[in-house]
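One structure is given below, represented as structure tokens, and several questions about it will come after.
Note that ligands are numbered from 1 as they come in the structure, with each ligand's atoms numbered from 1 the same way. Heads up: numbering here begins at 1 and tracks the sequence.
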Amino acid sequence: MRVSLIASALACASRGICGEIPSSSSSNDEVPAFREELLSLHKWLVETSSVSGLEYTISNSVHDYFLRKGWASVTTGVPPRENTPSNEPRADVVAWPKVNGVPNPKVLLTSHIDTVPPFYTYRIEDGEVTKNTRISGRGSVDAKASVAAMVTALDELLKAGKVAQGDVMLAFVVGEEVSGDGMRELNDYFHIRDVTFDAVIFGEPTEGKLACGHKGALQCDVKAHGVGGHSGYPWLGKSANELLMRALLKILDTDLGSSKVYGNTTVNVGRLQGGVADNVIPEEAFAGLQVRVALGPQEEGGNIVQERMRAILNEVDPEAFEFDCSQGYGFVDANCEVEGFDQIVVNYGTDMPHLKGDFTKYLYGPGTIFVAHGPHENLTVGDLESAVEGYQKLILHALQPKDGGNLEL
Ligand SMILES: *[C@@H]1O[C@H](CO)[C@@H](O)[C@H](O)[C@H]1NC(C)=O
Ligand SMILES: *[C@@H]1O[C@H](CO)[C@@H](O)[C@H](O)[C@H]1NC(C)=O
């Protein structure tokens, strides 16, 4: 039995993290010394609602948390999202263990503190806490598990003297679930200040495996313009709904591009609207599409798929369509060749393409994407704890001189 009530009380007093986590016990369960702090931090993050656009509270709290810890922390403004109450102010948080002078970190750990809606409250299974204990709630996986594990991993390495104060920087951004505007702001923030990194570790749910990369993405609006009229005389008009349906089916049935590692490019017809009444030939129709791009390279893959889609629209009707895509990029590779890690390839987008620079990318985090964004989002205490170990290994690997050296945990 290894219950650190004192540590927990201290964490509560010094960091304002006062979670009531049931006490840990170990019959056949190896309890890491950092469990209490890790679970408290994770609990507090998940309990703080932070749906994209409404991140003011969490950004401030995370900033305060680092200041109370005695670290340097800055918030960098991100423009409000439209249609949020009173245009709520937003901010990314950049933090690092204090050093004399200007920090010159080699490794950046980054993840996001916003979540998709709706908010689901934090829950931890009853009974004594073991590695199998499940924790649920919005963001419990995506991506507050990564955030909590990253902070804990860096703490552990500092305590053990395995990294120097100035080696590693943390950045937790907003807006990842919508447009990546938080990471774009962070990119500008680093660019203006000439801050560069050798390696960046991105935290997203990868089941504790090291991702070799993820598919590209493209968000497209398709508008069809027809000619209205009486539904009894369809030949006197031009149905925007019909045009849109024919075009969308053709897009869905066409091979838009595939690759061995990333599989097929896929299209989700996420939104459809069209027409005004059953007996009126529709003049206008609209579709909102999310495309997952299996082609590279990162800069071009999205454009290639976009042009293939445009050609299909032109084939269906050269005049009827307006076609606008944003945030296009091809698949994004990451370094997954690190000893001791299983590998994975994922289909979701991340903030990786929005942070520019010549650094080695790693994509890693606890929990699975298959429950993220759903009402049953959850992970185990063991998942979280393994990720603390995983991040430590990755940080040490990333800090390793390229010509050898053998830093092992
Ligand atoms: C990709 O699409 C082709 C049909 O175009 C299909 O036969 C194949 O199974 C798909 N591959 C994957 C990985 O889904
Ligand atoms: C918890 O997540 C797992 C996936 O890791 C899922 O299979 C399971 O259904 C979820 N459990 C609950 C109780 O929501």
Side-chain angles (χ1 to χ4, degrees), residues 21-22 38-39 42-43 45-47 111 115-149 203-218 247-269 289-296 301 304-305 308-309 311-312 315 330-333 342-349 363-390:
I21 302 289
L38 171 67
L39 296 191
H42 181 249
K43 175 175 196 267
L45 288 166
V46 176
E47 277 177 342
S111 187
T115 71
V116 294
F119 175 70
Y120 293 113
T121 188
Y122 177 95
R123 290 196 49 205
I124 182 162
E125 270 176 354
D126 290 340
E128 82 182 11
V129 174
T130 70
K131 287 199 182 300
N132 297 325
T133 301
R134 289 199 171 270
I135 301 173
S136 59
R138 174 61 80 225
S140 57
V141 174
D142 188 5
K144 290 171 177 177
S146 291
V147 175
E204 288 279 0
T206 64
E207 305 173 10
K209 298 170 187 161
L210 198 51
C212 301
H214 63 75
K215 275 185 168 174
L218 195 58
L248 290 178
L249 281 178
K250 211 159 182 176
I251 286 172
L252 289 169
D253 289 343
T254 301
D255 177 1
L256 295 170
S258 57
S259 56
K260 199 161 171 252
V261 174
Y262 295 93
N264 293 335
T265 296
T266 60
V267 178
N268 181 57
V269 182
L289 314 178
Q290 180 72 56
V291 185
R292 301 295 174 178
V293 178
L295 293 182
I304 297 169
V305 170
R308 287 179 184 173
M309 292 166 73
I312 294 169
E315 224 176 278
F331 62 65
V332 183
D333 286 325
D342 290 337
Q343 300 179 343
I344 190 174
V345 168
V346 296
N347 289 351
Y348 55 81
L363 176 59
Y364 172 88
T368 169
I369 199 69
F370 296 116
V371 291
H373 295 205
H376 303 300
E377 181 169 0
N378 78 91
L379 82 179
T380 65
V381 168
D383 293 336
L384 267 175
E385 291 175 351
S386 303
V388 173
E389 307 291 346

Exercise for review: Taking atom 11 (N) of ligand 2 as the reference point, report whether a protein heavy atom occurs under 4.0 Å from it.
Suggested key: yes
Review point. What's the verdict on side-chain hydrogen bond (donor to acceptor under 3.5 Å, both in side chains) for R134 and N378, showing C-alpha distance, side-chain angles and the deciding distance?
Key: CA-CA 6 Å; R134 289 199 171 270; N378 78 91; 2.5 Å; yes
Practice item. Might you check, step by step, whether the distance between atom 14 (O) of ligand 2 and some protein heavy atom is under 4.0 Å? Key: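 Yes, because at least one protein heavy atom sits under 4.0 Å from atom 14 (O) of ligand 2.
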Exercise for review: Give me the ring orientation class for H42 and Y122: parallel if the planes are under 30° apart, tilted from 30 to 60°, perpendicular past 60°.
Suggested key: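 H42 and Y122: perpendicular rings.
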Review point. Hey, mind stepping through K43 and I124 against side chain to side chain contact (heavy atoms under 4.5 Å, CB included) and telling me if it holds?
Key: CA-CA 9 Å; K43 175 175 196 267; I124 182 162; 5.9 Å; no
Check your understanding: Does ligand 2 have any atom that is closer than 4.0 Å to a heavy atom of R134?
Key -> yes
Exercise for review: Answer yes or no for atom 5 (O) of ligand 1: protein heavy atom present at a distance under 4.0 Å?
Suggested key: no
Check your understanding: Got the closest protein heavy atom to atom 7 (O) of ligand 2, with its distance?
Key ->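 Answer, as residue, atom name and distance: V371 CG1, 4.8 Å.
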Exercise for review: Evaluate the side chain to side chain contact (heavy atoms under 4.5 Å, CB included) criterion for residues S136 and H376: first the C-alpha distance (whole Å), next the side-chain angles of each, then the deciding distance (0.1 Å), finally the verdict.
Suggested key: CA-CA 7 Å; S136 59; H376 303 300; over 6 Å; no
Review point. Atom 2 (O) of ligand 2: which of N378, I135, D383, V141 has the nearest heavy atom?
Key: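 Closest candidate by heavy-atom distance is N378.
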Practice item. Determine, step by step, whether L218 and T265 satisfy the side chain to side chain contact (heavy atoms under 4.5 Å, CB included) criterion, reporting the C-alpha distance in whole Å, the side-chain angles of both residues, the deciding distance to 0.1 Å, and the verdict. Key: CA-CA 10 Å; L218 195 58; T265 296; over 6 Å; no
Check your understanding: Among V129, N132, L38, whose side-chain contact (heavy atoms from CB on, under 4.5 Å) with V381 holds?
Key -> V129
Practice item. Specify the protein heavy atom at minimum distance from atom 8 (C) of ligand 1: its residue, its atom name, and the distance to 0.1 Å. Key: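 For atom 8 (C) of ligand 1, the nearest protein heavy atom comes out as N264 ND2, 3.8 Å.
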**Study point:** T368 N/O under 3.5 Å from ligand 2 N/O
**Key:** no
